[in-house]
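Okay, so here's the structure we're looking at.
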Amino acid sequence: DIQMTQSPASLSASLGETVTIECRASEDIYNGLAWYQQKPGKSPQLLIYNANSLHTGVPSRFSGSGSGTQYSLKINSLQSEDVASYFCQQYYNYTWTFGGGTKLELK
Amino acid sequence: QVQLQQSGAELAKPGSSVKISCKASGYTFTSYDISWIKQTTGQGLEYIGYINTGSGGTYYNEKFKGKATLTVDKSSSTAFMQLSSLTPEDTAVYYCAREEGGFAYWGQGTLVTVSS
């Protein structure tokens, strides 16, 4: 099974700051990677798919990058509504695995 | 608009089974697989498996073989997941989801609590 290691597990940042969350796959996943945002009591919401494609309706301050085994999610100009947990997920070769999550809080 | 509406919370005793549902609307049901995902505080998000809503064919994550059974009723555009031989470790929120470059659509989640 492909393992996804996400870091950091928690993050504290100020409004307007740029935040980066990383995910490392145990093998090459050929850009088969998605990022999700989840707020308490709600379902995860898709932000990014195919490593760098912005899902419909997602603000442009969110962006994804990476290749091979290393991927990242960047949030530019952090807003209060971005306080949430974030998860990466790989979907290469008909397997699906999630990262452990990052809890983002305001400083 | 695409919607996945799940059944309500379940309280079950150890050793019993539960069957939760996911009713789809807003699209052609048989054009997309439905996946199921487990979320716990300790283990995070785990992929359970998917069902091909057209053929009924299924795929299960090895960990959930024998635990989860996926079925579908095309006439009502509803997917089902039965969880059997429940233990406290099955206590979780279970989601159905539809994939479209990542899981673009999710149900609201069904909390299953296993307790005597």
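Chain A is the first sequence line, chain B the second, and so forth, proteins listed ahead of strands; every chain is numbered from 1.
Between B:Tyr50 and B:Tyr59, the angle of the ring planes stays under 30°, which puts this pair in the parallel group of the 30/60° scheme. Ring geometry for A:Phe62 against A:Tyr86 counts as tilted: the plane angle lies between 30° and 60°, on a 0 to 90° scale. Using cut-offs of 30° and 60° on the angle between ring planes, the pair B:Phe103 and B:Trp106 is perpendicular.
Here A:Tyr36 is the residue among A:Tyr36, A:Tyr91, A:Tyr94 with the most heavy-atom pairs under 4.5 Å with chain B. The choice from B:Gln39, B:Gln108, B:Glu46 that makes the most heavy-atom pairs within less than 4.5 Å of chain A is B:Gln39. Chain B forms more heavy-atom pairs under 4.5 Å with one residue of A:Trp96, A:Trp35, A:Tyr49 than with any other, namely A:Trp96.
Using a cut-off of 4.0 Å between Lys/Arg side-chain N and Asp/Glu carboxylate O, A:Glu17 and A:Lys74 are scored as not salt-bridged.
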ask   = Step by step, would you call A:Arg24 with A:Tyr71 a side chain to side chain contact (heavy atoms under 4.5 Å, CB included)?
value = CA-CA 6 Å; A:Arg24 175 171 51 85; A:Tyr71 298 87; over 6 Å; no
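Contact annotation for A:Gln38: only side-chain heavy atoms (C-beta onward) come within less than 4.5 Å of a heavy atom of chain B. Neither the backbone nor the side chain of B:Glu62 has a heavy atom closer than 4.5 Å to any heavy atom of chain A.
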